[in-house]
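Supplied in structure tokens, the structure appears directly below.
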Amino acid sequence: NETHTSLIMIFGATGDLAKRKLYPSLFHLYRKGKLADKFAIIGTARSPWTHEEFRANVKDSVLTALGSNEQIDDFASHFYYQPHDVTDSESYIKLRNLAGELDSKYELQGNRIFYLAMAPEFFGTIADHLKSDGLTETEGFKRLIIEKPFGHDLESAEKLNAQIRQSFAEEEIYRIDHYLGKAMVQNIEVIRFANAFFEPLWNHRYISNIQITSSEKLGVEERARYYEKSGALRDMVQNHMLQMVALLAMEPPIRLSTDEIRSEKVKVFRALRPIEGEEVNNYFVRGQYGPGSIDGEKVEGYRNELNVDPQSNTETFVAGKLMIDNFRWAGVPFYIRTGKRMTAKSTKIVVQFKDIPMNLYKNNHDQLNPNLLVIHIQPDEGITLHLNAKKSGQNMQTNPVKLNFSNEGSNGINTPEAYEKLLYDCLQGDATNFTHWDEVALSWRFVDKISEVWENTTSSTFPNYSSGSMGPDDADKLVEKDGFFWWNVT
Ligand code: BG6
């Protein structure tokens, strides 16, 4: 439990992300003694706030999120605010001076983390100014945390990357994918590589298919300006879904270092079969929600949402079949599915094992259930193994049983937020759970080919699923045509 010393400069300090996630996470770290007294936060945004207004806001966000106020005044006293214009050098010079003052006041050793939690169109500009206005000239470390979206496609991502690389080295860039901060996503590796009964079976010989579902009940909310241009493919598949695929499919790294783990993930992306042109319709299904009901409450369809084009062609749901063309995974489909306004808020991975060579229990039972390993990412955290056992009684009848491990007891409300873990990793200089440029580039390359087809053909069937359902029928057919179905397991 080392404590860490740094200045953290947050761009977008008045925004939603900072308020909902960053301040409560920083407070947790503070309470756990991981920030000690040697830290300072500078918040910047356009609004002309004072330090006091900012601190009141920070306290409010911590109270709302955690309902806790012990030590809050002391915590908030480390926060400073500087109104900022992202395109104006003078603004940056003021920031630099304030950073210098706080550096001596809190003995920060010149360590600086710049956190870009704002509209992506300014990422590049800010990175440029940080260098040209001298903020990156410091004796300690300098690190850039950058929120998604990292570009809109490969081309724009390359441009952005080239721009920020002018001011920061690859090792200094921390591209956030908050799914990599989730406890059970981090657990995928451990479950696979620390258990004798998984790793030997973790390949095409014993696994028939893998299904990853990340469903949400929320609709587009107030984010249509962004979401209309993004859609579920860019918003969820390019990053979170593909990252989970990489962790499930990668080879064991030779050691648990950042470089080794990332390079194994990169190899998965390289082995991902490209899906393009006419193939897209065979491998991918898009959906858009219509009206329906969520938990008994009527909700509007996507096209009626605020700031959404009444004829919008944007997908709010994606299902896809991914093939990883390497020795381990030859022939094993990875099915992914994600969407808004679905039945439940849940992220789950189901690993379906192949049937055993011969079913001895056929006479008593029509069918044996396949073995399943379910990894519950959220809201429940845990794993479930589905097995077949003997029914009690005289006959040799089988009965499906579940072995359950739930993280609930030990964690529950104290489960560190993904953001807390990721902030702490960055303070420690550990970039393992952030995405390397190569991963970003390869996942855009994959996704671009699909969006190209979808953008050039209007879907005549939108809206094609009701709010509150599990998506369009075609998503079921996608799996059924391979002889499988989506497991709806608990
Ligand atoms: C974000 C997307 O990256 O992930 C959102 O932009 C989505 O559209 C969110 O709602 C889902 O994250 P979580 O942690 O709630 O599953």
Side-chain angles (χ1 to χ4, degrees), residues 182-215 244-245 247-250 252 321 324 328-337 343-412 415 470 475-476 478-490:
K182 292 186 191 281
M184 287 309 295
V185 172
Q186 297 190 350
N187 229 316
I188 294 173
E189 240 176 85
V190 185
I191 292 167
R192 285 190 53 193
F193 303 135
N195 290 297
F197 45 63
F198 291 132
E199 192 44 35
L201 305 185
W202 209 261
N203 57 54
H204 68 97
R205 279 184 218 102
Y206 301 103
I207 289 179
S208 92
N209 72 93
I210 294 185
Q211 309 180 356
I212 309 172
T213 302
S214 192
S215 60
M244 287 189 280
V245 169
L247 290 168
L248 287 162
M250 72 187 209
K321 167 178 165 179
I324 296 162
R328 184 185 287 265
W329 294 114
V332 181
F334 283 65
Y335 299 106
I336 57 169
R337 179 170 64 150
T343 320
K345 168 79 184 165
S346 154
T347 303
K348 210 174 274 182
I349 296 162
V350 180
V351 180
Q352 178 178 344
F353 290 86
K354 286 192 171 162
D355 292 337
I356 44 171
M358 181 175 123
N359 180 358
L360 292 169
Y361 303 98
K362 259 204 180 118
N363 296 335
N364 304 322
H365 229 253
D366 286 336
Q367 226 185 340
L368 278 184
N369 289 319
N371 289 140
L372 304 177
L373 165 67
V374 185
I375 304 176
H376 306 267
I377 310 280
Q378 61 186 22
D380 311 328
E381 298 184 348
I383 56 178
T384 309
L385 264 180
H386 291 241
L387 311 171
N388 295 297
K390 182 186 167 304
K391 240 186 203 155
S392 60
Q394 290 296 320
N395 295 336
M396 267 304 184
Q397 284 188 341
T398 61
N399 193 28
V401 295
K402 289 197 288 186
L403 295 184
N404 246 319
F405 163 71
S406 159
N407 235 352
E408 217 173 16
S410 56
N411 282 334
T415 303
M470 278 311 274
D476 296 332
L478 177 79
V479 179
E480 281 159 14
K481 71 185 178 199
D482 294 339
F484 303 122
F485 53 87
W486 292 103
W487 288 98
N488 188 11
V489 286
T490 51

Would a 4.5 Å heavy-atom cut-off, applied to side chains only, mark Thr384 and Val489 as touching?
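Answer no - side chains too far apart.
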Where is the tightest heavy-atom contact between Pro400 and Asn388, given as atom of each residue plus distance?
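Pro400 and Asn388 have their closest heavy atoms at CA-OD1, 4.3 Å.
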Just how far is it from atom CH2 of Trp487 to atom CG of Asn209, taken to the nearest 0.5 Å?
9.0 Å
Return the CG to OG distance between Asn399 and Ser392, rounded to the nearest 0.5 Å.
8.0 Å
Kindly indicate whether the side chain of Met244, heavy atoms from C-beta on, has any atom under 4.5 Å from the side chain of Thr347.
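A side-chain contact exists here, since the closest heavy-atom pair is under 4.5 Å.
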Considering all heavy atoms of both residues, which atom of Ala344 and which atom of Ser215 are nearest to each other, and what is their separation?
O-OG, 2.7 Å
Which pair of heavy atoms, one from Ser346 and one from Pro379, lies closest together, and at what distance?
CA-CD, 4.0 Å
Min side-chain heavy-atom separation Thr213-Met470 under 4.5 Å
yes
Could you grab the distance from atom CG of Leu387 to atom NZ of Lys402, nearest 0.5 Å is fine?
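Going from the CG atom of Leu387 to the NZ atom of Lys402 covers 11.5 Å.
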Work out which heavy atom in Ile191 is nearest to a heavy atom in Phe198; give both atom names and the distance.
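Nearest pair, atom of Ile191 first, then Phe198: O-CD1, 3.5 Å.
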Give the minimum heavy-atom separation between Ile207 and Leu201, together with the two atoms involved.
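That closest heavy-atom pairing would be CG1-O, 3.6 Å.
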Decide side-chain contact (heavy atoms from CB on, under 4.5 Å) for Phe193 and Met250; before the verdict, give the C-alpha distance in whole Å, the side-chain angles of both, and the deciding distance to 0.1 Å.
CA-CA 11 Å; Phe193 303 135; Met250 72 187 209; 3.7 Å; yes
Checking the side chain of Glu381 only, and the main-chain atoms of Ala183 only, is there a donor and an acceptor separated by less than 3.5 Å?
no
Measure the spacing between OG1 of Thr398 and CG of Asn359 and express it to the nearest 0.5 Å.
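Here the interatomic distance stands at 7.5 Å.
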Nearest 0.5 Å please: distance from the CD1 atom of Ile375 over to the NZ atom of Lys348.
12.5 Å
Atom NZ in Lys354, atom CG in Asn371: separation rounded to 0.5 Å?
14.0 Å
Check salt bridge (Lys or Arg N to Asp or Glu O under 4.0 Å) between Asp355 and all other residues, then give those that pass, not counting sequence neighbours.
none
Just checking, any donor-acceptor pair under 3.5 angstrom between side chains of Asp482 and Tyr335?
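Tyr335 and Asp482 do have a side-chain donor-acceptor pair below 3.5 Å.
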Taking all heavy atoms of Phe485 and all of Gln211, pick out the closest pair and write down the distance.
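The answer is O-NE2, 2.9 Å.
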Please lay out, stage by stage, how Ile349 and Ile377 fare under the test side-chain contact (heavy atoms from CB on, under 4.5 Å).
CA-CA 8 Å; Ile349 296 162; Ile377 310 280; 3.9 Å; yes
Is there side-chain contact between Ile212 and Leu248, with at least one heavy-atom pair below 4.5 Å?
yes
Test your reading of the model: is there a side-chain donor-acceptor pair from Trp486 to the backbone of Ala475, 3.5 Å cut-off?
yes
Could you walk me through whether Ile383 and Asn187 pass side-chain contact (heavy atoms from CB on, under 4.5 Å), step by step?
CA-CA 10 Å; Ile383 56 178; Asn187 229 316; over 6 Å; no
Using side-chain heavy atoms (C-beta onward) and a distance below 4.5 Å, is Phe484 in contact with Pro370?
no
Which pairs pass side chain to side chain donor-acceptor pair (under 3.5 Å) with one or both residues in residues 192-206, sequence neighbours excluded?
Glu199-Arg328
